[in-house]
Amino acid sequence: DTGVSQDPRHKITKRGQNVTFRCDPISEHNRLYWYRQTLGQGPEFLTYFQNEAQLEKSRLLSDRFSAERPKGSFSTLEIQRTEQGDSAMYLCASSLVGGKGYNEQFFGPGTRLTVL
Amino acid sequence: SQKIEQNSEALNIQEGKTATLTCNYTNYSPAYLQWYRQDPGRGPVFLLLIRENEKEKRKERLKVTFDTTLKQSLFHITASQPADSATYLCALDRGSTLGRLYFGRGTQLTVWP
């Protein structure tokens, strides 16, 4: 399978704990995005990388959230001191921009986070 | 800030009919508008992209129109099938240098036999 993969698919944690999610994009894609989606809403942008550079962060991304893409391949999203309001589906997407790419984004299956 | 409205939360139609979904936006004019399909518990799947200088785009039973004057896109599924039942999301793209997509909340389509 050469699509976007995310790990884990589900995470249940207690309030105050730290969690880390991983995303492996499509290998030839140069952009990687993180979105958050709650029930009945569309995905909300969190941050994105072009290669290893983090180019934009949403105001939704508080200082408890940090994302990295150290070698321009996989990415991690860490949430520190989780709160119940962090419960959501965390989606990763990748795209190829430049050349013939028009930024159509390919999404992974998501990581569903439940904070108790 | 950008605001995207999709006409209704739910649309129910009979198999064989044409489903028409609406996406309206305010403020910034997008360079592209994209449509995605999302099934329960899964990530969105890209369907179609239309550029601001295109009026219409087709792919098999799908058709998208883009009216920058009305700030509206229409998404049509012709000869609908129960397998088309899903949530459809529109997303605004302000151009590749800007990166992020602005999503609407989606319209849940149900096609009944």
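Labels below follow one simple rule: chain letters A, B, ... track the order of the sequence lines, proteins then strands, and each chain is numbered from 1.
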> Where on B:Leu101 is there a heavy atom nearer than 4.5 Å to chain A: the side chain, the backbone, both, or neither?
Replying inline: both
> At their closest point, which heavy atom of A:Leu91 faces which heavy atom of B:Gly43, and how far apart are they?
Replying inline: CD2-CA, 3.9 Å
>> Does A:Arg64, at its CZ atom, have more than 12 non-hydrogen atoms belonging to other residues, nucleotides or ligands within less than 6.0 Å?
In response: yes
> Does the ring-ring contact (aromatic ring centres under 6.0 Å, His included) test come out yes or no for B:Phe103 and A:Tyr35, once each step is laid out?
Replying inline: CA-CA 10 Å; B:Phe103 281 91; A:Tyr35 292 86; 5.7 Å; yes
> Is the number of heavy atoms from other residues, nucleotides or ligands under 6.0 Å of B:Lys71 NZ greater than 12?
Replying inline: yes
> Has A:Lys57 got more than 12 heavy atoms of other residues, nucleotides or ligands less than 6.0 Å from its NZ?
Replying inline: no
>> Atom CG of residue position A:Leu39 - does it have more than 12 heavy atoms of other residues, nucleotides or ligands inside 6.0 Å?
In response: no
> Should we say atom CD of A:Glu68 is surrounded by more than 12 heavy atoms from elsewhere, each under 6.0 Å from it?
Replying inline: no
>> Can you tell me which portion of B:Gln108 sits under 4.5 Å from chain A's heavy atoms? Options are side chain, backbone, both or neither.
In response: neither
>> Tell me whether B:Leu74 shares a hydrophobic cluster with B:Leu33, the cluster being built from Ile, Leu, Val, Met, Phe, Trp, Tyr side chains joined at under 4.5 Å.
In response: no
>> Centroid separation under 6.0 Å, is that true for the rings of B:Phe46 and A:Phe107?
In response: no
>> Are there over 12 heavy-atom neighbours, none belonging to B:Glu60, within less than 6.0 Å of that residue's CD?
In response: no
> Under 4.5 Å between any side-chain heavy atoms of B:Arg100 and A:Ser58, yes or no?
Replying inline: yes
> A:Pro43 and B:Leu89: which non-hydrogen atoms are nearest, and at how many Å?
Replying inline: CD-CD1, 4.0 Å
>> So, taking the atom named OH in B:Tyr36 and the one named CD in A:Glu104, what distance separates them when rounded to the nearest 0.5 Å?
In response: 7.0 Å
> Rounded to the nearest 0.5 Å, how far apart are CG of B:Asp93 and CD of A:Gln105?
Replying inline: 7.5 Å
> Are side-chain heavy atoms of A:Phe106 and B:Val45 found at a separation under 4.5 Å?
Replying inline: no
> For the hydrophobic clusters of this structure (ILVMFWY residues joined by side-chain heavy atoms under 4.5 Å, transitively), does one cluster hold both A:Phe74 and A:Leu46?
Replying inline: no
>> Is A:Pro109 close to chain B through its backbone or its side chain, or both, or neither, when contacts mean heavy atoms under 4.5 Å?
In response: backbone
> Given a strict heavy-atom distance threshold of 4.5 Å, which part of A:Gln37 is in contact with chain B: side chain, backbone, both, or neither?
Replying inline: side chain
